[in-house]
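Let me begin by handing over the structure; questions about it come next.
All residue numbers refer to positions in the sequence shown, counting from 1.
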Amino acid sequence: MNAFLNWHALTWLGDSSLMIPMAVAITAWLGWARRTRPVMWLWLLCLGAAGAVVVAGKFAFMGWGVGIAALDFTGFSGHTTMSTTLWPVALWLAVSSFAHRWRVAAACAGWALGAAIGYSRLALDAHSVSEVVSGFLLGLAASGFFLWRQRSKPHPTLRLLPVLLTLALPALVIPPGTRAPTHELIGRIAAWTAGNERPFVRADLHAGTRPARRAE
């Protein structure tokens, strides 16, 4: 039971209820000074691209059953993708006034946390290995590209404590473990768009079945 609760606590660190406020906080920090606003736009591009791929994959599967049964793949793990996109950048920002080696170490810690969150999705039987691995690689590509581009650009030099307080604020306001209804919302919209009574689920992928059509 304790291990189960610990996995839930870890997986919450990648939930949209925490990731969305964190994305807003990172955007605000990057856009605070005029000289770093171009960095903010690059960040939004990387974050938006990763998020769009996740939503498109979920939408395609839940609405039309687009998946790969042989790989048990129904779409990228959103928790893994978003945590691997957001945490490295958040921790990099937190130590942005430190030496370069500390910024690199912070980003690596963020990727390690993203990997741990991905593993928690496996432990909770929420995703398959292919979905977690692909989500990790997608998030790694988004945050890695963003951070790689910072080598030759001016970046914020923020104080550690204000950044940590800003990043911790959502966890103080939102009860730990609170799940955002994003997955269910995408499923309902996808099913309605496809004209089905319910979304496709993993069992449909393996059984070759499909939901009944919605009565017009």
Side-chain angles (χ1 to χ4, degrees), residues 3-4 7-8 10-20 22-23 44-89 108 110-148 179-215:
F4 184 74
W7 288 128
H8 270 290
L10 182 57
T11 209
W12 179 69
L13 294 178
D15 193 86
S16 296
S17 63
L18 188 60
M19 293 292 93
I20 291 174
M22 182 181 290
L44 288 175
L45 177 64
C46 293
L47 175 65
V53 171
V54 170
V55 171
K58 290 181 180 292
F59 201 80
F61 173 72
M62 290 192 227
W64 292 270
V66 178
I68 307 172
L71 296 178
D72 196 18
F73 182 81
T74 65
F76 296 88
S77 166
H79 281 68
T80 310
T81 302
M82 290 297 99
S83 60
T84 310
T85 299
L86 285 155
W87 278 112
V89 177
C108 290
W111 286 316
L113 179 57
I117 291 169
Y119 188 81
S120 76
R121 303 304 286 162
L122 295 176
L124 294 171
D125 201 26
H127 280 289
S128 67
V129 172
S130 64
E131 292 161 356
V132 167
V133 171
S134 61
F136 179 82
L137 293 176
L138 178 58
L140 177 65
S143 57
F145 178 75
F146 171 78
L147 293 173
W148 175 73
R179 291 182 64 252
T182 48
H183 183 82
E184 292 77 8
L185 180 60
I186 294 171
R188 287 197 295 269
I189 295 173
W192 181 86
T193 304
N196 298 327
E197 288 187 348
R198 62 168 177 81
F200 274 84
V201 295
R202 194 179 301 276
D204 294 319
L205 178 68
H206 292 292
T209 57
R210 60 169 299 130
R213 299 290 293 175
R214 188 178 70 248

Original post:
Heavy atoms, side chains only, cut-off 4.5 Å: are Met62 and His183 in contact?
Top reply: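 A side-chain contact exists here, since the closest heavy-atom pair is under 4.5 Å.
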**OP:** Return the orientation label for the Trp148 and Phe145 ring planes: parallel under 30°, perpendicular over 60°, tilted otherwise.
**Re:** tilted
Subject >> Nearest-0.5 Å distance, CG of residue Leu122 to CD1 of residue Ile117 >> reply: 12.5 Å
Original post:
To the nearest 0.5 Å, what is the distance between CG (Leu47) and OG1 (Thr81)?
Top reply: 11.0 Å
**OP:** Quick one: list whatever passes side chain to side chain donor-acceptor pair (under 3.5 Å) with Thr80, sequence neighbours left out.
**Re:** Ser77
Subject >> Heavy-atom side-chain proximity of Val129 to Leu71 below 4.5 angstrom >> reply: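 Counting from C-beta outward, Val129 and Leu71 never come under 4.5 Å.
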Subject >> Gap separating the NE2 atom of His127 from the OH atom of Tyr119, nearest 0.5 angstrom >> reply: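 Atom-to-atom, His127:NE2 and Tyr119:OH are 15.5 Å apart.
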**OP:** Only counting residues at least two apart or in another chain, list the ones meeting salt bridge (Lys or Arg N to Asp or Glu O under 4.0 Å) with Glu184.
**Re:** Arg179
Original post:
Mind checking whether Trp87 and Met19 have side chains closer than 4.5 Å, heavy atoms only?
Top reply: yes
**OP:** Salt-bridge test for Arg202 and Asp125: reply yes if a basic N is under 4.0 Å from a carboxylate O, no otherwise.
**Re:** no
Original post:
Sub-3.5 Å donor-acceptor pair from the side chain of Ser134 to the main-chain atoms of Glu131, do we have one?
Top reply: yes
Subject >> Heavy-atom side-chain contact between Phe61 and Leu205 under 4.5 Å >> reply: yes
Original post:
Is the shortest heavy-atom distance from the side chain of Trp64 to the side chain of Phe59 under 4.5 Å?
Top reply: yes
Subject >> Interatomic spacing from CG in Leu13 to CG in Leu86 - rounded to 0.5 Å >> reply: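 The CG atom of Leu13 sits 12.0 Å away from the CG atom of Leu86.
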Subject >> Heavy-atom pair with the smallest gap, counting every atom of Ser143 and Thr85 >> reply: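 That would be CB-O, 3.4 Å.
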Subject >> Atom pair OG1 (Thr84) and CG (Leu137), whose distance is rounded to the nearest 0.5 Å >> reply: 9.0 Å
Subject >> Closest heavy-atom pair and its distance - Trp192, Arg214 >> reply: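 Smallest heavy-atom distance, with atoms named: O-NH1, 2.9 Å.
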Original post:
About how many Å separate OG of Ser17 and CH2 of Trp12, when rounded to the nearest 0.5 Å?
Top reply: 6.0 Å
Original post:
If every non-hydrogen atom of Gly63 is compared with every non-hydrogen atom of Asn196, which pair is closest and at what distance?
Top reply: O-ND2, 2.9 Å
**OP:** Considering non-hydrogen atoms only, spot the tightest contact between Pro88 and Ser83 and give its length.
**Re:** CD-O, 3.5 Å
Subject >> Set of residues satisfying salt bridge (Lys or Arg N to Asp or Glu O under 4.0 Å) with respect to Arg188, sequence neighbours excluded >> reply: none
Subject >> Distance-minimising heavy-atom pair for Gly78 and Val54 >> reply: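 Looks like CA-CG1, 3.9 Å.
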Subject >> Smallest separation among heavy atoms of Asp72 and Ser130, with atom names >> reply: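 Closest pair (atom of Asp72, atom of Ser130, distance): O-OG, 3.7 Å.
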Original post:
Under 4.5 Å between any side-chain heavy atoms of Arg198 and Asp204, yes or no?
Top reply: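 A side-chain contact exists here, since the closest heavy-atom pair is under 4.5 Å.
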